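Presented below is the structure to which this report refers.
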Amino acid sequence: MKLGCCYYPEHWPEEWWAEDARRMAAMGLSLVRIGEFAWSRIEPEGGARYDWGWLDRAIDTLHAAGLKVILGTPTATPPKWLVDRMPEMVALDEQGRPRGFGSRRHYCFSHEEYRAECRRIVTAMAERYGRHPALAMWQTDNEYGCHDTVLSFSDAAASAFRGWLAARYGTPEALNAAWGNVFWSMEYRSFAEVDPPHLTVTEANPAHWLDYRRFASDQVASFNREQVAILRTHSPGVPITHNFMGFFTEFDHHAVGRDIDVATWDSYPLGFLEQFWFSPEEKRAYLRQGHPDIAAFHHDLYRGCSGGRWGVMEQQPGPVNWARFNPAPLPGMVALWTLEACAHGAELTSYFRWRQAPFAQEQMHAGLLRPDSAEAEAADEVRAAAAVLQDIGPQLAVKAPVALVFSYEAAWVIGIQPQGRSFRYLELVFEAYSALRARGLDVDIVSPEADLSGYRMVVVPSLPIVPQGFAEKLAALDVPVLLGPRSGSKTESLRIPEGLAPGALRSLVPLTVTRVESLRDGFAEAAAGFAVTRWREDVASDLAPEITDGTGRGVVFLHGRMRYCAIWPDRALLALLVGRMSEEASLELLDLPPGIRVRRSQAHVFTFNYAAEAVFVPHLGATLPPAGWHLDPR
Ligand code: GAL
């Protein structure tokens with residue numbers, strides 16, 4: 001795994017560049033990501049009058065120090081002259097308000113003229129640098145969707161949506177039938193009559209929303225694909241990446257992943273712990289480390305997004321600026337996060353950013369250097385991690401025993417129709433992942449389209465819409481499979497299936513979900529060893545339930561090697577199921593103390609301590625200090 005950093009030569013006097021480059025190399029870095037926000041310096045006035053001089057010199061200076069460059073296309077930050085020339089290129093938010101100039105990502109994916117401008121600037125960059133010897137990789141744009149920018153309600157989006165619907169349904173009658181538009185007299189006589197599903201009096205038709213999300217996701221993928229095609233033409237053989245985000249499901253990353261070579265993601269474990277659903281106790285316990293599964297979950301998710309090649313494009317090196325609270329990592333955590341990425345098979349980890357900026361939006365965000373150019377705390381840890389990496393050599397990921405099926409469409413369906421506000425798809429998948437990892441199992445997070453053969457256990461936390469062929473694929477496996485609540489509960493057009501849930505999955509587990517209910521936060525019905533919270537389904541079946549609640553109602557149903565779980569599984573129930581299924585699969589489990597995680601690469605077994613205190617680790621027979629790690633050959 002190579003180490004790198006995110007660098008903005010345009011932020012610093014040119015006289016500093018050579019010394020910066022020298023210090024980067026001396027710190028053990030070999031990759032530098034540049035350029036992704038530099039449009040206003042590359043093309044200050046428009047009219048295709050480019051100023052390449054500074055960028056040529058920046059790349060040459062880095063190269064002269066032995067560094068390679070990851071070059072970002074600058075399309076996340078269209079400059080002022082461009083927005084002024086085509087004001088309708090900005091996205092409109094759900095309230096119909098334009099997303100103003102003065103930060104970033106103020107564009108609509110559907111705006112054709114903006115897309116043409118993107119093709120132009122990407123072509124110009126690719127022609128200039130596509131065969132430069134310093135070029136290691138391209139990055140398209142930056143964090144598609146960041147700051148809530150996947151959905152746009154602009155005229156451009158509305159008109160593209162109408163075209164998308166016409167292609168999908170052929171006739172307005174077919175669309176009306178699929179969506180059930182007879183309800184509330186919502187029928188359309190032509191595609192031209194259909195608007196985006198916003199500004200309605202009460203909720204719009206959920207099928208309308210689902211298609212809008214599918215459409216918006218397709219727009220992101222096609223926007224990206226246009227850049228990829230240009231880069232492949234002018235820069236043959238140079239790998240292409242995009243830097244995805246954490247806990248983010250607004251577009252289908254599997255679809256974008258298929259078009260690029262390396263899926264990278266931006267890892268901010270402390271910011272994510274603070275911003276997401278973790279309990280106050282977890283936020284306290286892991287304040288300076290992050291929850292032990294946050295980084296690993298995304299490593300395993302993104303490894304499955306582009307055929308195995310993946311990395312961390314932005315690694316938190318200190319306090320960030322964007323969470324509600326922004327603590328500093330515990331000493332040692334930056335090194336631990338780095339080695340953990342390596343243990344999961346990353347090919348690069350790049351720190352965000354080289355030097356903390358003393359100006360503008362992110363002046364409170366730490367870097368490897370302070371604004372005064374002295375080293376920040378993380379610098380020593382980077383050197384230490386670099387030395388370990390040097391020592392242990394490449395760590396290839398091997399197929400994990402467990403496949404966890406992740407569906408972006410499932411996240412949209414449940415988000416559109418949560419039915420209970422604490423039914424959060426991402427949290428459900430994360431909890432399942434965490435239950436597996438807490439017993440020392442390695443996990444591949446895969447798309448529903450993935451080949452599942454060769455796995456020894458398959459977990460499908462929830463899959464409301466069952467893709468064609470999925471049930472048959474599961475039926476062909478002879479391993480324990482867990483199907484979570486709401487699986488098979490909707491059709492492709494977001495209807496309740498004929499014969500009710502679990503629809504197409506009934507061939508695997510003969511049961512019918514006759515009613516569902518959601519339970520308010522804080523409400524729990526105790527059962528033997530677990531509790532019913534958040535969600536419960538009434539099930540009719542000739543099967544005797546494998547697990548019942550306190551009153552004898554079925555909670556888990558087992559048929560052959562297939563299980564269906566009819567409630568939101570709490571941690572205790574997940575632990576029980578992981579235990580049973582692992583035993584059936586003859587998988588060896590570990591009893592890991594809280595905060596301890598294990599990961600096996602092809603060559604090594606890594607153990608990491610995410611706890612804030614020293615922990616005795618039974619399988620090592622030794623105590624790991626806070627942020628400590630240990631490594632054994634396999
Ligand atoms: C990322 C983004 C970077 C920077 C960073 C700060 O979301 O890609 O440009 O803003 O966050 O943590």
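From a predicted model like this one, the values you see are computed outputs, not experimental measurements.
- Note: Asn609 CG to Ile596 CD1 = 4.0 Å, rounded to the nearest 0.5 Å.
- Taking 4.5 Å as the limit, every side-chain heavy atom of Glu250 sits out of range of all side-chain heavy atoms of Thr149.
- Every residue meeting the ring-ring contact (aromatic ring centres under 6.0 Å, His included) condition with Phe109, not counting sequence neighbours, appears here in chain and number order: Tyr107, Tyr144, Phe223.
- The side chain to side chain donor-acceptor pair (under 3.5 Å) analysis of residues 265-274, with sequence neighbours excluded, yields the pairs Asn243-Asp266, Trp265-His299, Tyr268-Glu314, Glu274-Arg324.
- Counting only heavy atoms from C-beta outward, the side chains of His344 and Arg303 approach each other to under 4.5 Å.
- By the side-chain hydrogen bond (donor to acceptor under 3.5 Å, both in side chains) test, Tyr455 pairs with Asp444, sequence neighbours left out.
- Within 6.0 Å of CZ in Arg520 there are 12 or fewer heavy atoms belonging to other residues, nucleotides or ligands.
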Output, in order, the C-alpha distance, side-chain angles, deciding distance and verdict of side-chain hydrogen bond (donor to acceptor under 3.5 Å, both in side chains) for Asp211 and Trp179. CA-CA 9 Å; Asp211 273 347; Trp179 289 4; 2.8 Å; yes
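- Shown are Leu500, Leu505, Val539; of these, the side chain to side chain contact (heavy atoms under 4.5 Å, CB included) with Leu511 is made only by Val539.
- Judged as a salt bridge (charged side-chain N to carboxylate O under 4.0 Å, His left out), the pairs with a partner in residues 392-417 (not counting sequence neighbours) are, in order, Arg214-Glu409.
- At least one side-chain heavy atom of Ile547 sits under 4.5 Å from a side-chain heavy atom of Arg580.
- A distance of 5.0 Å separates CG in Asp478 from CZ in Arg561, rounded to the nearest 0.5 Å.
- Every residue two or more places apart in sequence or in another chain that forms a side chain to side chain contact (heavy atoms under 4.5 Å, CB included) with Thr514 is listed here: Thr512, Asp538, Ala540.
- The closest donor-acceptor contact from the side chain of Lys473 to the backbone of Ala450 lies under 3.5 Å.
- The two residues Trp310 and Ala346 make their nearest non-hydrogen contact at CZ2-N, 3.2 Å.
- The shortest side-chain heavy-atom distance between Arg536 and Asp549 falls under the 4.5 Å cut-off.
- Taken to the nearest 0.5 Å, the CE atom of Met581 stands 10.5 Å off from the CG atom of Leu441.
- By the side-chain hydrogen bond (donor to acceptor under 3.5 Å, both in side chains) test, Arg599 pairs with no residue at all, sequence neighbours left out.
- Residues satisfying the side-chain hydrogen bond (donor to acceptor under 3.5 Å, both in side chains) test with Gln468, not counting sequence neighbours, are none.
- Applying the side chain to side chain contact (heavy atoms under 4.5 Å, CB included) rule to Leu543 yields the partners Val509, Pro510, Ser541, Phe557, His559; only residues at least two apart in sequence or on another chain are considered.
- Residues Val460 and Val458 form a side-chain contact, since some pair of their non-hydrogen atoms from C-beta on lies under 4.5 Å apart.
- Contact between Ile294 and Pro269 at its shortest, heavy atoms only, is CD1-O, 3.9 Å.
- In this view, Glu472 satisfies the salt bridge (charged side-chain N to carboxylate O under 4.0 Å, His left out) rule with no residue, not counting sequence neighbours.
- Residue Gln395 comes nearest to Cys342 through the heavy atom pair CG-SG, 3.3 Å, listed as atom of the first residue, atom of the second, then distance.
- Between the side chains of Thr349 and Thr338, no donor-acceptor pair of N or O atoms lies under 3.5 Å.
- Here Phe608 pairs with Phe606 under the ring-ring contact (aromatic ring centres under 6.0 Å, His included) rule; sequence neighbours left out.
- Note that CG of Asp261 and CZ of Arg309 are 6.0 Å apart. Values are rounded to the nearest 0.5 Å.
- With 3.5 Å as the limit, one finds no donor-acceptor pair spanning the side chains of Asp141 and His242.
- Contact annotation: the side chain of His298 never approaches that of Met245 to less than 4.5 Å [non-hydrogen atoms, C-beta and beyond].
- Between the side chain of Arg225 and the backbone N or O of Asp259 there is no donor-acceptor pair closer than 3.5 Å.
- Identified under the ring-ring contact (aromatic ring centres under 6.0 Å, His included) test for residues 420-453, with sequence neighbours left out: Phe247-Phe430, Trp277-Phe430, Phe278-Phe430, His291-Phe430, Phe297-Phe430, Phe297-Tyr433, Phe406-Tyr425, Phe423-Trp535, Phe423-Trp568.
- Within 6.0 Å of CD in Glu203 there are 12 or fewer heavy atoms belonging to other residues, nucleotides or ligands.
- Evaluation of the salt bridge (charged side-chain N to carboxylate O under 4.0 Å, His left out) rule for Arg563 yields Glu546, Glu584 as partners, not counting sequence neighbours.
- Ring centers of Tyr212 and Phe161: under 6.0 Å apart, within the cut-off.
- Considering Leu482, Val513, Leu558 as possible partners of Tyr564, the one that fulfils the side chain to side chain contact (heavy atoms under 4.5 Å, CB included) test is Val513.
- Asp252 and Tyr408 make their closest contact through OD1-CD1, 3.6 Å (heavy atoms, listed as atom of the first residue, atom of the second, distance).
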Start with the C-alpha distance between Val262 and Gln139, add both sets of side-chain angles, then the distance that settles side-chain contact (heavy atoms from CB on, under 4.5 Å), and finish with yes or no. CA-CA 9 Å; Val262 185; Gln139 174 187 297; over 6 Å; no
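- Contact annotation: the side chain of Ile414 approaches that of Pro464 to within less than 4.5 Å [non-hydrogen atoms, C-beta and beyond].
- Within the 4.5 Å cutoff, the side chain of Ile240 has heavy atoms near those of the Arg232 side chain.
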